[in-house]
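Everything on this sheet refers to the single structure shown next.
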Amino acid sequence: MARQKRMISEQRIYHIVMKGINANRIFVKDSDYSFFLKFFKESCRDYDVEMLAYCLMSNHIHLMLKFNDDNMTEMFKSFGAKYVSKYNSNHDRIGPLFNGRFYSSPINDDGYLLSVLRYIHYNPVKAGISKSLDEYRWSSYKEYSGSNEGVADTEFIKNMYSDSDLQLLHIIDNDVLDEAFIFDSWIDGADYSDVAGFLKENEKRNKEELIELLKRAKISKSKIANFLRIDKRNI
């Protein structure tokens, strides 16, 4: 079966997700995180790419990248070949590190850009490994909150929005939780437990609102009908 062609961003800005093979860890110790950021930043410079935001989790990576040329595939092939070779040498291992083709979603409007930025920074809190956004070390959140300098190219977004706007953007509320569920469903595909858990946490909300959220998460009408115990024709 042929691979689906990647969607194109008119602004050449993309949300990229890279996963460890078989959901294995990509980062084992602090030096692995530092090494990835250093190596990837060098690759960005080589290919004239701006790393607008990032979050490195133990077994997957979120990036927001702005390409100044149509060279996404070329860059990732080059980066992957060089980085995995060095990583394997450092860890005395062989074989692939990443789980095949990386996920990419084009960002074509400001609203979606801000949603992706928030989602990327929210990952450690959502995963339960950090109580607050600024507690997590391996994301670009502190570079946007003004409390830390790092490797992200923050100027592009900071020139569009004030510090107070970005601070308000990162407040965690119910809308953010909805957004996280929708993004997760787009990236990984929501299974039974994901949907059941989401509905249990939101059992007091009206069905019309839940239907719209599940549709936005690309859950099929048949599954929505089964979960909510309603007629499919009413969706």
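By convention here, the first residue in the shown sequence is residue 1.
Residue Leu166 comes nearest to His170 through the heavy atom pair O-ND1, 2.7 Å, listed as atom of the first residue, atom of the second, then distance. Looking at every heavy atom in both residues, Pro124 comes nearest to Ile120 through CD-O, 4.2 Å. Heavy-atom minimum distance, Tyr122 versus Ala180: CE2-CB, 3.9 Å. Closest approach of Ala225 and Asp231 over heavy atoms only: CB-C, 4.4 Å.
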| request: With salt bridge (charged side-chain N to carboxylate O under 4.0 Å, His left out) as the test, would you mind laying out the steps for Arg12 and Asp70 before giving the verdict? | output: CA-CA 8 Å; Arg12 293 177 175 158; Asp70 295 320; 3.0 Å; yes
| said: Applying salt bridge (charged side-chain N to carboxylate O under 4.0 Å, His left out) to Glu209 and Arg205, what does each step give before you reach the verdict? | reply: CA-CA 7 Å; Glu209 188 178 5; Arg205 296 167 76 163; 2.8 Å; yes
| message | Determine whether Ser222 and Ser220 satisfy the following criterion, side chain to side chain donor-acceptor pair (under 3.5 Å), listing intermediate values before the conclusion. | response | CA-CA 5 Å; Ser222 296; Ser220 71; 4.9 Å; no
| query | Do Asp32 and His91 pass the side chain to side chain donor-acceptor pair (under 3.5 Å) test, and can you show the C-alpha distance, the side-chain angles, and the key distance before you say yes or no? | reply | CA-CA 10 Å; Asp32 292 335; His91 288 271; 2.8 Å; yes
| Residue pair Arg216, Asp178: steps toward the salt bridge (charged side-chain N to carboxylate O under 4.0 Å, His left out) verdict | CA-CA 10 Å; Arg216 285 177 59 199; Asp178 291 344; over 6 Å; no
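Looking at Lys86 and Asn88, their side chains never come closer than 4.5 Å, going by heavy atoms from C-beta outward. Side chains of Phe156 and Glu50 form a contact here, defined as non-hydrogen atoms less than 4.5 Å apart. The side-chain heavy atoms of Val125 and Lys131, taken from C-beta on, include no pair separated by under 4.5 Å. Residues Phe36 and Trp138 have side chains not in contact (no heavy-atom distance under 4.5 Å, counting atoms from C-beta outward). Here the side chains of Leu117 and Leu169 are in contact, with some heavy-atom distance below 4.5 Å. A heavy-atom distance below 4.5 Å is not found between the side chains of Phe79 and Asp46. Looking only at side-chain heavy atoms (C-beta outward), Met160 and Lys158 stay at 4.5 Å or farther from each other. Side-chain contact check for Ile187 versus Val17: some heavy-atom pair is nearer than 4.5 Å.
Counting heavy-atom neighbours within 6.0 Å of Gln167 CD, excluding the residue itself, gives a total of 12 or less. Heavy atoms of other residues, nucleotides or ligands lying less than 6.0 angstrom from CZ of Arg233 number 12 at most. Within 6.0 Å of atom CD1 in Ile94, 12 or fewer heavy atoms from other residues, nucleotides or ligands are found, so the atom counts as exposed in its surroundings.
Considering OG of Ser78 and CZ of Phe76, their distance stands at 11.0 Å, rounded to 0.5 Å. Ser58 OG to Phe27 CZ: the interatomic distance, rounded to the nearest 0.5 Å, is 9.0 Å.
Aromatic ring orientation, Phe183 versus Tyr119: parallel (interplanar angle below 30°, classes split at 30° and 60°). Note: Tyr144 and His121 have tilted aromatic rings, judged against thresholds of 30 and 60 degrees for the angle between ring planes. Between Tyr83 and Tyr87, the two ring planes are tilted [angle within 30° to 60°]. Between Phe181 and Phe198, the ring-plane angle classifies as parallel under the 30° and 60° cut-offs.
In this structure, Phe227 has its ring center closer than 6.0 angstrom to the ring center of Tyr192. The six-membered or imidazole ring of Tyr141 lies away from that of Tyr136, with a centre-to-centre distance of 6.0 Å or more. Under the 6.0 Å cut-off for aromatic ring centres, Phe35 and Phe39 qualify, their centroids lying closer than that.
A salt bridge links Lys215 to Glu212: one of the charged nitrogens lies within less than 4.0 Å of a carboxylate oxygen. Taking the charged nitrogens against the carboxylate oxygens, Asp153 and Lys66 have no contact shorter than 4.0 Å, which rules out a salt bridge.
In the model, Asn123 has a side-chain atom that pairs as donor or acceptor with a side-chain atom of His60 under 3.5 Å. For the residue pair Glu143 / Tyr54, a side-chain donor-acceptor distance below 3.5 Å is found, with atom types taken as modelled. Residues Asn59 and Arg25 have side chains that never bring a donor and an acceptor to within less than 3.5 angstrom of each other. Looking only at atom types and distance, the side chain of Ser115 has a donor-acceptor partner in the side chain of Glu179 under 3.5 Å away.
Between the side chain of Ser145 and the backbone N or O of Lys142 there is at least one donor-acceptor pair closer than 3.5 Å. A donor-acceptor pair is defined here as one N or O able to donate and one able to accept, closer than 3.5 Å; such a pair exists between the side chain of Gln11 and the backbone of Asn108. Using a distance-only test at 3.5 Å, with no hydrogens or angles considered, a donor-acceptor pair links the side chain of Lys207 to the main chain of Leu228. Judged purely by atom type and a 3.5 angstrom limit, Asn24 has no side-chain atom pairing as donor or acceptor with the backbone of Gly20.
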